[in-house]
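Here, residue 1 is the first one in the sequence, and each next residue gets the next number.
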Amino acid sequence: APPAGEWQEVTFPEDQPRAGFFGQAAFLSTQAHIELTSPTLRGKFVRERLLCQSINPPPNDVVTEFPDDEGLKTMRERLEVHQENPSCAGCHSLTDPIGLAFENFDAIGRYRETENDVTIDPSGELDESGAFADGSDLAELLVEHPDFTECLVRNVYRASLGHVETDGEEVVVDHLVSGFDDDGRRLRAFLVELVVSDAFRFVGAEQ
C-alpha cells in the first residue's frame, strides 16, 4: 500500500482473482449486507440487470432468517438448508447458485479463500450455459448468454436517458445492440455510440 494519505496506481498481476466489474467493490459491497455477503442479492442483480429476467418478490409470510445451527459454517451450507423450505426454493434456486460464484469476496469486497476456516467453493452452473469454477468463469459464460447483450444495452440506455425507451427509440436500441455485438462487446465503444446517437442528443416529438 502507498504511504498514508497518498494515492498510487497499482498494476495487478495477471493471475490475481479480480476480473472486471464483478471484482469491483462497487458491485460486491452494494449487493451484500453490512457484515455478511448475500449470494441472493448478487445473483438477483445478475438475473435482473444483466439478463433481464424477473425474480418474484418473496411471500409476505416467508421466514427470512437462516437456520440456527452452529454447524453451518459457510454461506453455501446455510443457503442449502434455507432452500429446504419450498416457499423459498423457487426463487433462491435462480439467484443463489449464481451469487455463490462471488463468495471469495466478503461483504465489502475483500478477497478471501476461507470462511470460518472452511475453504470456499465458488463453483456452480448457469442454466444451460454450463458450469463455472468461480466469478471469472461465470463472467465468460454471461458474455455468451443469448440474453446478455440486449439486456445490458437496454439497461444502460434507460439509465442514461432517464426513461424506458419508446416505440420510436427501438430502432436506436437495435442499432446499439448490433453495434455492441459486432464490436466485440466493448463497453467503452458502446458508450461512445450511445452519447453521439440522436436519441441521446435530441429531444423527440411527443407521440
*So if you build clusters from Ile, Leu, Val, Met, Phe, Trp, Tyr with side-chain heavy-atom gaps below 4.5 Å, do Phe202 and Leu194 land together?*
no

*Got a donor-acceptor contact below 3.5 angstrom from the Arg42 side chain to the Gln31 backbone?*
yes

*Can you check whether Arg49's main-chain N or O pairs, donor with acceptor, with Asn155's side chain at less than 3.5 Å?*
yes

*Between Val46 and Phe22, is any pair of side-chain heavy atoms under 4.5 Å apart?*
yes

*Could you give the distance from CG (Leu142) to CZ (Phe21), rounded to the nearest 0.5 Å?*
11.5 Å

*Supply the atom-to-atom distance Leu126 CG to Asp137 CG, rounded to the nearest 0.5 angstrom.*
11.5 Å

*Do side-chain atoms of Arg78 reach the backbone of Leu72 as a donor and acceptor pair under 3.5 angstrom?*
yes

*How far apart are the closest heavy atoms of Leu138 and Phe102, and which atoms are they?*
CD2-CZ, 3.7 Å

_Minimum heavy-atom separation for Ala199 and Tyr157, please, with both atom names._
CB-OH, 3.2 Å

*Rounded to the nearest 0.5 Å, how far apart are OG1 of Thr37 and CD1 of Ile108?*
12.5 Å

_Give me the atom names and distance for the closest heavy-atom approach of Phe105 to Arg112._
C-NE, 4.1 Å

*So how far is it from Glu169 CD to Leu176 CG, rounded to the nearest 0.5 Å?*
10.5 Å

*asked:* Donor-acceptor check, side chain of Asp134 to backbone of Ser136, threshold 3.5 angstrom: yes or no?
replied: yes

*Could you check Asp121, Asp106, Thr74 and say which one makes a side chain to side chain contact (heavy atoms under 4.5 Å, CB included) with Glu115?*
Thr74

*asked:* Between His163 and Leu161 (side chain of the first, backbone of the second, donor and acceptor by atom type, cut-off under 3.5 Å), is there such a pair?
replied: yes

*Checking Glu103 side chain against Met75 main chain: does a donor-acceptor pair fall under 3.5 Å?*
no

*For Gly23, does its backbone N or O pair with a side-chain atom of Arg18 as donor and acceptor, under 3.5 Å?*
yes

*Are Gln16 and Tyr111 close enough, and set up right, to give a side-chain hydrogen bond (donor to acceptor under 3.5 Å, both in side chains), and what steps lead you there?*
CA-CA 10 Å; Gln16 58 89 28; Tyr111 182 75; over 6 Å; no

*Are a donor atom and an acceptor atom from the side chains of His92 and Glu80 found within less than 3.5 Å of each other?*
no

*Minimum heavy-atom separation for Asn104 to Pro122, with atom names?*
OD1-CG, 3.4 Å

*Quick one: do Phe27 and Ile55 end up in the same hydrophobic cluster if we chain Ile, Leu, Val, Met, Phe, Trp and Tyr together by side-chain heavy atoms under 4.5 Å apart?*
no

*Any donor-acceptor pair under 3.5 Å linking the side chain of His145 with the backbone of Asp147?*
yes

*Where is the tightest heavy-atom contact between Phe180 and Val153, given as atom of each residue plus distance?*
CD2-CG2, 3.7 Å

*asked:* Does either side chain, that of Asp127 or that of Ser129, offer a donor lying less than 3.5 Å from an acceptor on the other one?
replied: no

*asked:* With rounding to the nearest 0.5 angstrom, report the OG1 to CZ distance, Thr149 to Arg154.
replied: 12.0 Å

*Would Val173 end up clustered with Val196 when hydrophobic side chains under 4.5 Å apart are linked, directly or stepwise?*
yes

*State, yes or no, whether a side-chain contact exists between Cys88 and Gln83 at a heavy-atom distance under 4.5 Å.*
no

_Nearest heavy atoms of Ala189 and Asp183, plus distance in Å_ = CB-OD2, 3.0 Å

_Val172 and Asp198, any side-chain heavy atoms less than 4.5 Å apart_ = no

*Please answer: with hydrophobic residues joined when any side-chain heavy atoms are less than 4.5 Å apart, are Ile120 and Val81 in the same cluster?*
no

_Salt-bridge criterion met for Lys73 and Glu77 (N-O under 4.0 Å)_ = no

*asked:* Closer than 3.5 angstrom, by distance alone: can the side chain of Arg47 be matched with the main-chain N or O of Leu94 as a donor-acceptor pair?
replied: yes

_From Asp181 atom CG to Phe190 atom CZ, the distance as rounded to the nearest 0.5 Å_ = 11.5 Å

*Same cluster or not: are Phe132 and Leu100 linked, directly or through other Ile, Leu, Val, Met, Phe, Trp or Tyr residues, by side-chain heavy atoms under 4.5 angstrom apart?*
no

*Does a side-chain heavy-atom distance below 4.5 Å link Arg185 with Glu144?*
yes

